[in-house]
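Scroll down for the structure; my scribbles are underneath it.
One-based numbering, in listed order, for ligands and for the atoms of each. Keep in mind that what you see is a predicted model, and the values were worked out from it rather than measured.
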Amino acid sequence: MADLIDLRSDTVTRPTPGMRKAMVAAEVGDDVYGEDPTVNALQERIAALLGKEAAVWVPTGTMANQIALGAHAGQGEEVICDRNCHVVNYEGGAISALWGAQSLVVDGARGIFTPDAVKAVIRANQGDHDPRQKVVAVENTHNRGGGSIWPLQQLEAVADVAHAAGLALHLDGARLWNAHIATGISLQQWCAKADSVSVCLSKGLGAPAGSVVAASRELVKKVRRLRKRLGGGLRQAGVLAAAGMYALDHHLQRLTEDHESALKLSQLVPLAWHRPETNILLADVPDAPALVEKARREGVLVGAVGRTRIRAVTHLDFPLSQVEEAAARLRRCL
Ligand SMILES: Cc1ncc(COP(=O)(O)O)c(C=O)c1O
């Protein structure tokens with residue numbers, strides 16, 4: 001269908017003409033030698049935005065998360081995170097496959113867990129039986145939680161519990177931009193207590209590829225080495241970094257439009273939506289695969305999360321002006 005409306009993910013966007021122009025014009029060099037001026041400028045810009053000493057560009061959010069976690073934890077060590085987080089559920093088992101570490105999951109509400117939940121699983125003993133706990137990972141906004149936003153104080157309290165026990169805090173901020181725009185809380189504030197942060201340029205910001213890990217200079221050195229080990233050292237990566245630069249200039253503030261579209265769509269389609277917080281909508285339905293198929297026939301692509309939940313995500317290629325049409329098509333499926 002020519003006018004298919006694709007709401008499966010905010011990763012389906014295509015680079016705009018302006019972004020393509022910026023990519024073509026990018027000044028480049030060999031980034032494995034640290035000589036790509038566009039990559040270097042983007043890394044410096046994001047490190048400053050997040051309030052960290054240094055940053056490194058990587059091709060994907062998965063690589064960003066995993067090399068950050070790999071810098072914190074290795075064989076026989078443990079990552080504490082919530083049951084539904086991306087690093088455990090959607091990254092191919094990388095925590096164990098790549099680093100030989102294991103995850104210990106706690107339960108959160110829409111992916112957001114309490115400091116007490118972390119305290120309850122901190123291992124007091126450091127005996128022969130005990131895995132060594134190294135890092136707590138949080139996700140903000142939370143994908144499987146339906147774009148949910150951490151209360152800042154709760155995130156800080158979780159970081160305090162982690163630090164008091166000698167653990168680091170990793171923030172999977174693939175959609176931290178959405179949390180920043182939705183709350184007005186600065187990116188620096190969100191990241192202040194995190195020892196490592198990953199952010200994606202290829203979700204709400206609409207770049208075709210690219211994520212960044214920001215941390216201390218020392219940790220970024222380790223992360224950069226792991227990027228090389230995984231084959232993530234791209235050469236003239238500035239072509240892609242230029243898309244990230246353009247995205248920060250042109251697509252950050254407009255995330256409010258995605259949040260508005262999600263809210264409006266939820267209001268126009270009578271389903272059991274979880275309270276919309278940013279750009280990811282979830283609704284509980286009797287038969288998700290059946291509804292996904294019906295919607296596809298009406299010209300709207302949405303996703304199924306298990307048997308009884310659907311997901312719709314708003315993004316750069318879904319203008320506010322299309323919301324009524326999408327809603328009308330979805331209503332015909334109910
Ligand atoms: C919260 C979160 N973290 C990490 C990623 C991984 O990003 P990528 O698909 O670029 O590997 C995603 C992807 O959707 C995500 O939603």
Side-chain angles (χ1 to χ4, degrees), residues 6-15 42 46 50 56-70 79 81-95 97-98 103 105 108 110-113 135-150 155 169-180 182 190-191 194 196-214 223 226-227 230-232 234 237 240-241 243-244 247 255 258 262 277-282 301-305 309 311-317:
D6 192 346
L7 302 179
R8 288 171 302 166
S9 173
D10 49 10
T11 56
V12 300
T13 58
R14 273 158 290 209
L42 179 64
I46 292 189
L50 304 186
V56 59
W57 183 94
V58 300
T60 68
T62 298
M63 190 183 288
N65 279 333
Q66 290 302 326
I67 59 182
L69 292 177
V79 178
C81 48
D82 97 281
R83 185 176 301 282
N84 289 308
C85 67
H86 201 278
V87 296
V88 165
N89 292 283
Y90 299 116
E91 298 185 6
I95 291 173
L98 296 177
S103 54
V105 297
R110 297 184 67 170
I112 293 161
F113 50 86
V135 56
V136 175
V138 297
E139 186 177 318
N140 192 30
T141 70
H142 199 285
N143 180 341
R144 215 160 152 179
S148 47
I149 305 173
W150 277 75
L155 197 155
L169 188 92
H170 172 70
L171 168 58
D172 174 355
R175 297 185 183 79
L176 190 64
W177 317 110
N178 297 80
H180 160 56
W190 279 122
C191 300
S196 56
V197 182
S198 62
V199 288
C200 287
L201 300 155
S202 59
K203 312 281 179 312
L205 294 187
S211 291
V212 170
V213 181
V223 166
L226 295 180
R227 178 185 78 164
L230 295 189
L234 272 65
L240 291 164
L255 290 175
D258 294 348
E277 294 193 39
T278 51
N279 70 325
I280 302 179
L281 288 174
L282 297 175
L301 301 181
V302 294
V305 188
R309 188 167 289 172
R311 185 178 92 142
V313 186
T314 58
H315 53 72
L316 181 64
D317 286 356

Would you give me the side-chain donor-acceptor pairs under 3.5 Å for residues 173-180, sequence neighbours excluded?
unit_1	atom_1	unit_2	atom_2	d
Arg175	NE	Asp10	OD2	2.7
Arg175	NH2	Asp10	OD1	2.9
Trp177	NE1	Cys200	O	2.7
Asn178	ND2	His259	NE2	3.0
His180	ND1	Ile185	O	2.8

- For Asp6, which residues count as a side-chain contact (heavy atoms from CB on, under 4.5 Å) partner, sequence neighbours excluded? Arg8, Val12, Leu301

- State which residues pass side-chain contact (heavy atoms from CB on, under 4.5 Å) with Ala304; sequence neighbours excluded, sorted by chain then number. Ala288, Val292

- Query: Side chains of Tyr90 and Thr62: does their closest heavy-atom pair fall under 4.5 Å?
  - Reply: no

- Heavy-atom distance under 4.5 Å between the side chains of Pro59 and Leu240, does that happen here? no

- What's the shortest heavy-atom distance between Gly206 and Thr13, and which atoms? CA-OG1, 3.5 Å

Can you list every pair where an N/O of ligand 1 is under 3.5 Å from an N/O on the protein?
unit_1	atom_1	unit_2	atom_2	d
ligand 1	3 (N)	Asp172	OD1	3.2
ligand 1	3 (N)	Asp172	OD2	2.8
ligand 1	7 (O)	Lys203	NZ	2.9
ligand 1	10 (O)	Gly61	N	2.8
ligand 1	10 (O)	Lys203	NZ	3.2
ligand 1	11 (O)	Gly61	N	3.4
ligand 1	11 (O)	Thr62	N	2.8
ligand 1	11 (O)	Thr62	OG1	2.6
ligand 1	16 (O)	Asn143	ND2	2.8
ligand 1	16 (O)	Arg175	NH1	2.8

